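Working notes, beginning with the structure itself.
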Protein chains: 2
Amino acid sequence: MEQENFHFSDHNHENCKSAIIKTAEKRCEENGVRFTRQRRMVLEILAESHQAIGAYDILERFKPNAKSRTAPVTIYRALDFLIENNLAHRLSSLNAFVACSTTHNGLDAQFLVCKKCQYVAELSTNSLHKAIHKEAESAEFTVTSPMIEIRGICSTCKKS
Amino acid sequence: MEQENFHFSDHNHENCKSAIIKTAEKRCEENGVRFTRQRRMVLEILAESHQAIGAYDILERFKPNAKSRTAPVTIYRALDFLIENNLAHRLSSLNAFVACSTTHNGLDAQFLVCKKCQYVAELSTNSLHKAIHKEAESAEFTVTSPMIEIRGICSTCKKS
DNA sequence: AATGAAATGTTATTATGTTACATAAACATT
DNA sequence: AATGTTTATGTAACATAATAACATTTCATT
Ligand SMILES: [Zn+2]
Ligand SMILES: [Zn+2]
Ligand SMILES: [Zn+2]
Ligand SMILES: [Zn+2]
């Protein structure tokens, strides 16, 4: 799941998807929480692409495979679960969600969000992590959940 | 308008407010845009505190001094204007707004947001600015508008 | 005063997210 | 297996946040 550039151009997304699901199975096992059918379905929808997707769009894609009529709260509950277990992230600047695509190893996540094509690259760099915590510390501020969403234009979109 | 800690404990907020309004008058003059009654009223409401405030809360505080019935869109239009002219900022993680309280000098803004008391400290540091642009560059990503909202607990809340 | 551009008024609508309470499935204990 | 307990899901209504579309007014310039 190493990315080389913003569009993940060289990566096999089928592998990528199955890695995300496998990670989820493993982590839920470890954490003693249940990776239910609905939670899996929502994660699979997220993992379909590296673009952020809104809850109501997820709902639309969810409905065809649902066993009964599905309400928004079902999606939000699944998303809450995934986010709590670090299997997905919410992008506040878009009111949208992505599957987690990196191993954080205790570091905060950062996102590069292309305004044009909506692709999201997830980073988890030591340098940014450190810079953030250093600035916060000097203001005597205890960081719990930084939201670092770097909006701009990806290389592919810039060329075109 | 220099801040020493998160709660701006040592600052005279009356000065702070009038500085915000004066800056706005000056900037609008410079930019050849109109600092109308409504825009001023919304900025004054924002400048009342360093807490983020939602558009509908602004609306409630706006109504008593309004000349006629006021709809949400009025507030949003004023906010759009203020944000465009860098006189206010939107905090995506809260769906809320604050008056700008620093001079940016070409640097991006960053925010420390206390989850407990809702206070917002605005930073505009070179070190964070650089760290962000450096990481983006190495992903061949062109930054336009980073959203850096560092959520956590301020020193005052931590003590209590 | 006539003109055009910017700002505001008015109403309705869309988008996003939550509450409250009922039912069902999974798990643990006897 | 029967029981109680927790966790997950179903269902409906509601709450909050933001925008669209179009009419009217205000302001600066001619
Ligand atoms: Zn992929
Ligand atoms: Zn992640
Ligand atoms: Zn102040
Ligand atoms: Zn600012």
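For clarity, every value in this text was computed on a predicted model and none was experimentally measured. Sequence lines set the chain letters: A, B, ... in the order given, protein chains first and strands last, and positions in each chain run from 1. Only this structure's heavy atoms are used, side chains among them; waters, hydrogens and symmetry mates stay out.
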When you check the phosphate oxygens OP1 and OP2 of [N], does a side-chain N or O of [X] lie under 4.0 Å from one of them?
X: A:Q38; N: D:dT9; value: yes
X: B:T36; N: C:dT8; value: yes
X: B:T74; N: C:dT8; value: no

- prompt: Quick one: are A:C100 and A:E122 in side-chain contact, heavy atoms under 4.5 Å?
  reply: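 Sidechains of A:E122 and A:C100: in contact.
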What's the [atom1]-[atom2] distance between [X] and [N], to the nearest Å?
X: B:L59; N: D:dT16; atom1: CG; atom2: C1'; value: 13 Å
X: A:I53; N: C:dA15; atom1: CD1; atom2: P; value: 15 Å
X: A:R37; N: C:dA25; atom1: CZ; atom2: P; value: 13 Å
X: A:I58; N: C:dG17; atom1: CD1; atom2: C1'; value: 13 Å
X: A:K67; N: D:dT9; atom1: NZ; atom2: P; value: 11 Å
X: B:I75; N: D:dT16; atom1: CD1; atom2: C1'; value: 15 Å
X: B:L79; N: C:dT8; atom1: CG; atom2: P; value: 12 Å
X: B:R40; N: C:dT8; atom1: CZ; atom2: P; value: 13 Å

Between [X] and [Y], is there a donor-acceptor pair closer than 3.5 Å when you use the side chain of the first and the backbone of the second?
X: A:H50; Y: A:A99; result: no
X: B:Q110; Y: B:D108; result: yes
X: A:S145; Y: A:V143; result: no

- prompt: Among B:T74, B:I58, B:L87, which residue meets the side-chain contact (heavy atoms from CB on, under 4.5 Å) test with B:V42?
  reply: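 When B:T74, B:I58, B:L87 are each tested with B:V42, the side-chain contact (heavy atoms from CB on, under 4.5 Å) holds only for B:I58.
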field: OG1-CD distance between B:T125 and A:E135, expressed to the nearest 0.5 angstrom
entry: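 Reported value, rounded in 0.5 Å steps: 4.0 Å.
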task: Starting at the 5' end of nucleotides 17-30 of chain D, put B wherever the base has a protein heavy atom under 4.0 Å, S where only the sugar-phosphate does, and a dash everywhere else.
output: BBBB------S---
- prompt: Looking across every strand, which nucleic acid part, if any, lies under 4.0 Å from A:S68 by heavy atom: base, sugar-phosphate, or nothing?
  reply: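 Sugar-phosphate, backbone atoms only, no base.
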message: salt bridge (Lys or Arg N to Asp or Glu O under 4.0 Å) for A:E14 and A:K17? Distances and angles first, verdict last.
response: CA-CA 5 Å; A:E14 287 306 315; A:K17 283 197 282 186; 3.3 Å; yes
query: At how many degrees, to 10°, do the end axes of the helix from C:dA1-D:dT30 to C:dT30-D:dA1 meet when each uses five pairs?
result: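 About 30° separates the two local helix axes.
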- prompt: Got more than 12 heavy atoms from elsewhere within 6.0 Å of CD, B:E25?
  reply: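 Above 12, so yes.
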query: Cut-off 3.5 Å, side chains only: do B:H89 and B:E149 have a donor facing an acceptor?
result: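 No, B:E149 and B:H89 have no side-chain donor paired with an acceptor closer than 3.5 Å.
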